[in-house]
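Got a structure for you, questions after.
Reminder, nothing fancy here: chain letters follow the sequence lines and each chain counts from 1.
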Amino acid sequence: MSDQRKPFPFDEFEPKWQQYWDNHQTFRTPNPGDEDFDVSKPKYYILDMFPYPSGAGLHVGHPEGYTATDIIGRYKKMNDHNVLHPMGWDAFGLPAEQYAIKTGQHPRITTEANVDNFRRQLKELGFGYDWTREVNTTDPNYVRWTQWIFLQLYDSYFNEKTQKAAPVSELEAKGWTREQIDDVRLAFIQEAPVNWSPSMGTVLANEEVEEWKNKGETVERRPLRQWMLRITKYAERLINELDDLDWPESIKLLQKNWIGKSTGAEVRFDIQGHEVSVFTTRPDTLFGATYMVLAPEHPLVSEVTTPDQKESVQAYITSCTSKSDLERGDLNKNKSGIPTGATATNPVNGEQIPVWIADYVMMGYGTGAIMAVPAHDSRDFEFATKFELPVIQVVQPDTNDDWQGFTGNGVSVNSGFLDGLKTREAKNKIIAWLEENDKGEAKVNYKLRDWLFSRQRYWGEPFPILWEDGNHKAVPESELPVLQPEMDDFKPTGSPEGPLAKASDWINYSTTAVRETNTMPQWAGSCWYYLRYCDPHNCERFVSEDAEAYWKNVDLYVGGTEHAVLHLLYARFWHKVLNDLGHVSTIEPFQKLVNQGLILGEDGQKMSKSLGNVVNPDDVVKEYGADALRLYEMFMGPLEQVKPWQMKGVEGVARFLAKVWRLAFEQNQEGEWVLSSKLTDDKPTDKELLKVLHETIKKVGDDIEKLSFNTAISQMMICTNAFGKANKLPALLMRDLLKCLNPFAPHITEEIHHKIGEVFPSAKCSKSRILADRAWPSFNEDFLIEDEVEIVVQVNGKLRGKISISPDTSKDEIEALAQQDANVIQHTEGKTIRKIIVVPGRLVNIVAN
RNA sequence: GCGCGGGUGGCGGAAUUGGUAGACGCGCUAGACUAAGGAUCUAGUCCGAGUUAAUCGGGUGCGGGUUCGAUUCCCGCCUCGCGCACCA
């Protein structure tokens with residue numbers, strides 16, 4: 001596209017203004033203690049989910065959320081807030097490491113190149129970040145504090161009484177042994193079946209398994225000694241403390257479901273001398289338990305199985321382990337199982353019930369064993385039906401429902417001392433009975449499991465841990481950060497030690513101690529980056545007390561739903577630990593959360609290389625300019641909605657920007673842009689123009705607060721169209737429109753403002769020279785008052801006429817005027833008027849028949 | 001299966017203490033300017049009837065209800081998207 005064809009010269013002024021903001025540090029935010037810090041201004045901390053700097057660069061999804069936060073950040077700045085709006089890089093991660101394995105190039109090199117590219121792209125979009133606060137999770141000065149926080153976890157335990165983390169030194173003082181303390185640390189070693197990926201040579205968190213499997217990696221269960229974080233201790237608080245957060249209810253629900261709290265009881269059964277606990281949410285149905293099921297992996301299976309069943313049980317277990325999770329769960333509609341030959345004693349009535357094993361019972365939830373009540377549990381019912389096991393009714397539904405397979409609440413029957421009690425009461429009574437008789441107790445169960453925190457990779461934070469005499473201990477704080485050794489060979493070892501095990505010099509810490517060779521998962525750095533932004537260059541603390549006390553937590557956090565559970569849950573967990581230990585002053589990191597909706601390809605499909613529907617932001621910027629891209633992404637529709645890309649839509653907003661441009665400039669004979677002859681330095685008097693401008697000021701401000709950017713833009717289009725129709729346009733009015741538009745399209749507005757300010761004193765800035773530093777315009781209600789309002793006249797709810805009246809016309813007058821309308825008369829003729837409803841300023845409805 | 005969120009013109013979407021449905025933009029149609037227009041400007045554009053008008057009828061997934069009045073509230077259903085998924 002040649003320069004003459006460009007509707008306005010964005011390619012000239014966009015880089016110019018980006019340079020200006022950079023050189024003048026327009027968006028640098030002073031911290032408490034800085035010379036230019038103004039304590040009287042309220043703070044506003046607005047945060048984007050920082051990107052993983054992939055080799056592919058930004059996709060159009062990034063600028064969606066980033067533009068939204070930039071608009072709000074700029075708007076708050078214009079409204080005299082201290083705005084903290086930083087950006088950084090979640091730069092540890094597998095792609096860089098996989099690339100290193102392939103090419104031998106150090107992941108740091110790849111990462112740096114990718115970061116440079118991302119930074120360039122973001123700057124070319126004109127985002128007002130405080131680049132002096134840029135953080136990078138792989139930076140040694142950042143790793144240091146990630147490791148320091150890990151050591152906080154390592155050196156803490158969860159105090160059940162206070163429901164808070166506390167230093168293990170408290171326990172030492174009480175004389176606890178090392179083993180006892182190691183058993184309660186928030187960061188601890190556990191040997192347990194984990195998800196080991198042979199193809200990647202690392203373990204994975206439960207939460208990550210699906211994602212990597214979908215990418216073609218192999219994952220198997222394997223018992224290994226691994227570092228775990230005791231997030232389960234915070235399950236209750238992670239649920240309860242969601243209450244005061246301004247988050248979408250759906251995201252809160254997602255987190256609650258993930259934590260998966262269920263209340264019920266643990267009941268102890270006896271299998272021929274072996275005690276087996278089961279968890280149930282329906283202890284009131286205990287009398288209806290007609291069999292028991294152990295998970296195939298349950299440790300007691302081999303002990304309780306009778307000799308004649310040994311062979312078939314063994315065969316069944318083998319068949320289960322060969323099944324994938326998908327076969328076992330998703331696709332397996334047909335229940336399978338086999339009797340162990342053993343019987344269990346129902347504690348409540350002494351009945352002997354058969355003990356089966358079946359893979360519909362999971363070892364990972366509850367106790368890995370269940371009491372089966374086929375009458376009132378659909379899965380048990382299905383199983384019992386298939387294997388012809390007895391079904392005993394113990395709940396009578398309140399409704400007319402069939403009791404078979406009825407899982408709702410009702411009244412207990414066939415249940416001895418529970419008979420006649422409502423489900424709720426029956427639960428309480430049986431729990432009291434279990435506790436009295438030492439056969440069980442009330443119990444709360446969570447789906448959430450402890451967080452598997454170690455990985456066998458090179459490109460991650462090494463654990464600041466030493467091993468000596470078979471025991472682990474912390475690396476002294478003064479020695480942080482513990483950085484990875486320089487290596488040429490990044491390949492996984494295929495063993496659970498990871499590639500760091502190959503650096504023999506590095507491993508040997510002293511003659512008696514060796515280093516831990518595991519590294520942390522990528523989540524570690526993103527768990528606390530929002531805190532580091534508050535004080536990114538601090539070498540003494542992860543964040544200074546002053547900075548933390550001032551910035552507190554994030555006021556608005558914007559990012560994709562893909563982090564609705566994991567990242568947000570992990571970060572909340574770390575934040576609570578830091579709060580418990582007195583390092584931060586808030587209990588939650590992110591006060592308000594907004595998820596931007598996915599941008600689909602033009603074909604309505606998710607953007608992907610294979611579909612060829614990916615839109616590259618660089619191309620859009622080149623063709624239409626950064627302002628147009630920003631504006632389009634905000635104009636597409638509501639921020640939180642999923643919406644398809646339309647290149648024609650980009651053209652539309654570019655056309656709008658061109659209209660704004662032409663309000664101020666016109667082309668002369670030579671094709672140069674010169675100031676428009678319509679602009680005047682006069683005091684604005686045109687009532688229509690003042691009205692539309694002030695409506696715009698009001699609506700745009702309100703809409704930004706509501707994050708309704710699309711409607712704000714449409715209002716500015718209305719205003720621009722009105723300005724365009726005027727014969728004369730006072731520069732002062734133009735300036736206020738530019739202020740409104742500035743957060744959305746910062747380059748073009750600065751450019752126009754700068755140019756008209758040189759000629760028209762009225763549009764000039766008094767203090768600073770640029771819009772970004774100016775105050776948001778205030779609107780004047782007086783300009784919004786209408787001389788005449790249009791009132792709709794309906795007859796029986798149907799539109800029959802419109803009348804124009806002064807807004808202070810009385811009800812009676814309105815009624816009278818309405819009935820004078822010719823068309824209204826026609827529709828009421830021959831009818832009796834029953835009622836007239838007058839909605840002031842809106843409508844009249846005449847009810848007649 | 002369970003949970004959550006949606007369904008409004010040819011398209012993206014506006015509008016809710018219940019009060020003119022379709023703002024704004026795209027696309028389309030006609031016209032102006034022009035050597036030309038993929039630039040710009042003007043007019044029109046929910047569907048149907050009506051002479052381009054006035055006007056009339058229908059219309060916010062479907063069916064019912066409440067109301068003077070329902071995209072908005074209530075009941076039942078259909079459908080699309082997302083999440084979880086044998087969680088005892």
Side-chain angles (χ1 to χ4, degrees), chain A residues 1 4-7 248-254 256-258 260-262 264 278-282 285 293 295 328-330 332-333 335 358-362 364-373 376-380 382-383 407 445-448 561 564-565 597-598 600 604 631-632 635-638 640-653 655-656 658-659 662 667 708 710-718 720-721 724-725 790-802 822-823 826-827 834-849:
Chain A
M1 186 186 260
Q4 299 100 295
R5 298 282 282 283
K6 286 208 163 73
E249 280 309 313
S250 59
I251 301 294
K252 289 189 182 183
L253 208 62
L254 232 49
K256 284 182 192 173
N257 291 342
W258 188 266
K261 179 180 180 177
S262 29
V278 303
F279 173 72
T280 175
T281 55
R282 291 299 296 271
T285 62
V293 186
R328 188 168 165 174
D330 217 11
N332 186 15
K333 287 202 168 160
K335 293 226 168 1
D359 66 358
Y360 81 92
V361 174
M362 308 286 146
Y365 182 77
T367 62
I370 62 155
M371 63 178 213
V373 184
H376 306 295
D377 180 282
S378 51
R379 296 147 304 177
D380 298 344
E382 194 191 322
F383 191 82
T407 56
N445 226 319
Y446 301 93
K447 278 197 267 185
L448 185 69
T561 353
V565 178
L598 198 65
L600 305 174
L631 205 61
Y632 171 63
F635 188 58
M636 291 173 83
E640 302 183 55
Q641 193 168 302
V642 179
K643 40 207 180 288
W645 185 272
Q646 292 185 325
M647 211 44 102
K648 284 283 183 192
V650 186
E651 280 178 36
V653 293
R655 213 157 1 206
F656 161 65
K659 273 188 201 175
R662 289 195 310 270
Q667 259 171 323
S708 292
N710 54 334
T711 51
I713 293 165
S714 77
Q715 180 63 40
M716 289 188 281
M717 288 172 167
I718 290 168
T720 301
N721 290 341
K725 280 183 182 136
E790 194 184 61
I791 299 270
V792 168
V793 186
Q794 298 180 334
V795 177
N796 293 330
K798 289 205 165 128
L799 178 62
R800 297 301 179 195
K802 292 174 184 178
N823 201 34
Q826 218 162 55
H827 284 272
R834 303 284 175 197
K835 199 170 166 186
I836 300 180
I837 290 129
V838 178
V839 183
R842 285 211 177 257
L843 63 65
V844 180
N845 189 13
I846 299 168
V847 185
N849 57 15

Any donor-acceptor pair under 3.5 Å from Arg282(A) side chain to Thr407(A) backbone
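Such a contact is found between Arg282(A) side chain and Thr407(A) backbone.
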
Touch class at under 4.0 angstrom, heavy-atom based, for Asn721(A) against every strand present
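Sugar-phosphate contact only - Asn721(A) comes under 4.0 Å of backbone atoms but never of a base.
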
For atom CG of Asn796(A) and atom P of G69(B), their distance in whole Å
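Computing the Asn796(A):CG to G69(B):P distance gives 8 Å.
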
Side chain to side chain contact (heavy atoms under 4.5 Å, CB included) with Ser708(A): which residues, sequence neighbours excluded?
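For Ser708(A), the residues satisfying side chain to side chain contact (heavy atoms under 4.5 Å, CB included) (neighbours in sequence not counted) are Asp703(A), Lys706(A), Asn710(A), Thr711(A).
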
Residue whose nearest RNA chain B nucleotide is more 5′ - Val847(A) or Gly364(A):
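Its nearest nucleotide lies further toward 5', so the answer is Val847(A).
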
Side-chain donor/acceptor of Asn257(A) to backbone N/O of Gly260(A), under 3.5 Å:
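Absent.
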
Would you classify His827(A) as touching base, sugar-phosphate or nothing, given that sugar-phosphate means primed atoms plus P, OP1 and OP2, and contacts are heavy atoms under 4.0 Å?
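Sugar-phosphate, no base atom in range.
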
Using the P atom on both, measure G19(B) against G10(B) and round to a whole Å.
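The answer is 25 Å between these two P atoms.
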
Pairing residues for Phe383(A) by the ring pair (Phe, Tyr, Trp, His ring centres under 6.0 Å) criterion, not counting sequence neighbours
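Applying ring pair (Phe, Tyr, Trp, His ring centres under 6.0 Å) to Phe383(A) gives Tyr291(A), Trp356(A), Tyr360(A), Phe387(A).
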
For residues Ile370(A) and Asp380(A), determine if any side-chain heavy atom of one lies less than 4.5 Å from a side-chain heavy atom of the other.
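Sidechains of Asp380(A) and Ile370(A): in contact.
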
Euclidean distance, atom CZ of residue Phe656(A) to atom P of C24(B) [Å, nearest integer]
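Nearest whole value for this atom pair: 13 Å.
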
What nucleic acid atoms does Gly652(A) come within less than 4.0 Å of, heavy atoms only: base, sugar-phosphate, or nothing?
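Contact class for Gly652(A): sugar-phosphate only.
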
By side chain to side chain contact (heavy atoms under 4.5 Å, CB included), which residues pair with Ala369(A), not counting sequence neighbours?
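Per chain and number, Ala369(A) pairs via side chain to side chain contact (heavy atoms under 4.5 Å, CB included) with Val276(A), Val278(A), Leu294(A), His298(A), Thr367(A).
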
Round to a whole Å and report the spacing from CG of Leu631(A) to P of C24(B).
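That distance rounds to 16 Å.
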
Taking atom P in both A32(B) and G25(B), what distance in whole Å separates the two?
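After rounding to an integer number of Å, I get 24 Å for this pair.
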
Glu651(A) CD to G38(B) C1': how many Å, rounded?
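It works out to 9 Å between those atoms.
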
If I pick the P atom on A14(B) and the same atom on G59(B), what distance separates them, to the nearest angstrom?
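After rounding to an integer number of Å, I get 24 Å for this pair.
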
Distance test, side-chain N/O of Thr561(A) to OP1/OP2 of G83(B), below 4.0 Å:
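No, because none of the side-chain N or O atoms of Thr561(A) sits under 4.0 Å from OP1 or OP2 of G83(B).
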
Base versus backbone protein contacts along nucleotides 10-20 of chain B [heavy-atom cut-off under 4.0 Å; B, S, -]:
-SBSS----BB

Distance check: side-chain N/O of Arg655(A) vs OP1/OP2 of G27(B), anything under 4.0 Å?
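Yes, Arg655(A) has a side-chain N/O under 4.0 Å of OP1/OP2 on G27(B).
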
For Gln646(A), which residues count as a side chain to side chain contact (heavy atoms under 4.5 Å, CB included) partner, sequence neighbours excluded?
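Partners of Gln646(A) under the side chain to side chain contact (heavy atoms under 4.5 Å, CB included) test: Glu602(A), Tyr632(A).
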
Select one nucleotide: of C86(B), G27(B), G3(B), the one nearest the side-chain heavy atoms of Tyr360(A).
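For the Tyr360(A) side chain, the nearest candidate turns out to be C86(B).
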
Any idea which of G83(B), C26(B), C56(B) is nearest the Leu254(A) side chain?
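The answer is G83(B).
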
Say we look at G22(B) and U16(B): how far apart would their C1' atoms be, to the nearest angstrom?
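One C1' to the other, the span is 15 Å.
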
Say we look at A88(B) and G13(B): how far apart would their P atoms be, to the nearest angstrom?
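Rounded to whole Å, the distance is 38 Å.
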
For a 4.5 angstrom cut-off between non-hydrogen side-chain atoms, does Trp258(A) reach Lys447(A)?
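Of all side-chain heavy-atom pairs linking Lys447(A) with Trp258(A), none is under 4.5 Å.
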
Roughly how many Å is it from NZ in Lys256(A) to C1' in C4(B), rounded to a whole number?
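After rounding, the reported distance stands at 13 Å.
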
Please report the distance separating the P of G61(B) from the corresponding atom of U67(B), rounded so that it comes out in whole Å.
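Rounded to whole Å, the distance is 23 Å.
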
Donor-acceptor pairs under 3.5 Å, side chain of residues 836-847 of chain A to any protein atom, not counting sequence neighbours: which ones?
from: Asn845(A); atom 1: OD1; to: Asn796(A); atom 2: N; distance (Å): 3.4
from: Asn845(A); atom 1: OD1; to: Gly797(A); atom 2: N; distance (Å): 2.9

Residues which pass salt bridge (charged side-chain N to carboxylate O under 4.0 Å, His left out) with Lys261(A), listed by chain and number, not counting sequence neighbours
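Here the qualifying residues are Glu236(A).
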
Set of residues satisfying side-chain hydrogen bond (donor to acceptor under 3.5 Å, both in side chains) with respect to Arg662(A), sequence neighbours excluded
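For Arg662(A) there are no side-chain hydrogen bond (donor to acceptor under 3.5 Å, both in side chains) partners, ignoring immediate neighbours.
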
For nucleotides 42-48 of chain B, 5' to 3', base contacts (B), sugar-phosphate-only contacts (S) and non-contacts (-) with protein non-hydrogen atoms under 4.0 Å give S------

If the condition is salt bridge (charged side-chain N to carboxylate O under 4.0 Å, His left out), which residues does Lys659(A) pass it with, not counting sequence neighbours?
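Listed in chain order: nothing, the list is empty.
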
Could you tell me how far apart Asn445(A) (CG) and A88(B) (C1') are, to the nearest whole angstrom?
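Those two atoms, CG and C1', are 9 Å apart.
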
So what does Lys659(A) touch, heavy atoms closer than 4.0 Å: a base, only the sugar-phosphate, or nothing?
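Lys659(A): backbone/sugar contact only, no base atoms under 4.0 Å.
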
Before giving the answer on side chain to side chain contact (heavy atoms under 4.5 Å, CB included), spell out for Arg800(A) and Val795(A) the whole-Å C-alpha distance, their side-chain angles and the decisive distance to 0.1 Å.
CA-CA 6 Å; Arg800(A) 297 301 179 195; Val795(A) 177; 3.7 Å; yes

Is G10(B) syn or anti, taking syn as a glycosidic angle within 90° of 0?
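Here G10(B) takes the anti form, which means its glycosidic angle is more than 90° from 0.
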
Base, sugar-phosphate or nothing for Asp380(A)? Non-hydrogen atoms, less than 4.0 Å.
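Nothing, no nucleic acid heavy atom in range.
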
Round to a whole Å and report the spacing from CH2 of Trp645(A) to P of G25(B).
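Roughly 19 Å, once rounded to whole Å.
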
OP1 or OP2 of U55(B) versus the side-chain N and O atoms of Lys798(A): is any pair under 4.0 Å?
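For U55(B), OP1/OP2 do not have a side-chain N/O of Lys798(A) under 4.0 Å.
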
Under 4.0 Å, heavy atoms only, any strand: does Ile370(A) hit a base, just the sugar-phosphate, or nothing?
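Contact class for Ile370(A): base.
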
For atom P, what is the distance between G1(B) and G18(B), given to the nearest Å?
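Result for the P pair: 35 Å, nearest Å.
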
Hey, does Lys648(A) reach any base, or is it just sugar-phosphate, or nothing, if we go heavy atoms under 4.0 Å?
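Since only primed, P, OP1 and OP2 atoms lie under 4.0 Å of Lys648(A), the category is sugar-phosphate.
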
What pattern of brackets, bars and dots sums up RNA chain B from 5' to 3', given Watson-Crick or G-U wobble pairs under 3.5 Å, [ ] for crossing pairs and | for another strand?
(((((((..(((......[....)))((((((.......))))))((((.....))))..(((((..]....))))))))))))....

U51(B) and U40(B), which share atom name P, separated by this distance in whole Å
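U40(B) and U51(B) have their P atoms separated by 38 Å.
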
Qualifying residues under side chain to side chain contact (heavy atoms under 4.5 Å, CB included), relative to Thr281(A), sequence neighbours excluded:
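Testing Thr281(A) for side chain to side chain contact (heavy atoms under 4.5 Å, CB included), a comparison that skips the adjacent residues, returns Ser262(A), Phe279(A).
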
Can you work out whether Gln826(A) or Ile718(A) has the more 5'-proximal nearest nucleotide on RNA chain B?
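That would be Ile718(A).
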
Tell me: CH2 of Trp258(A) to P of C4(B), nearest whole Å?
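Rounded to whole Å, this separation is 19 Å.
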
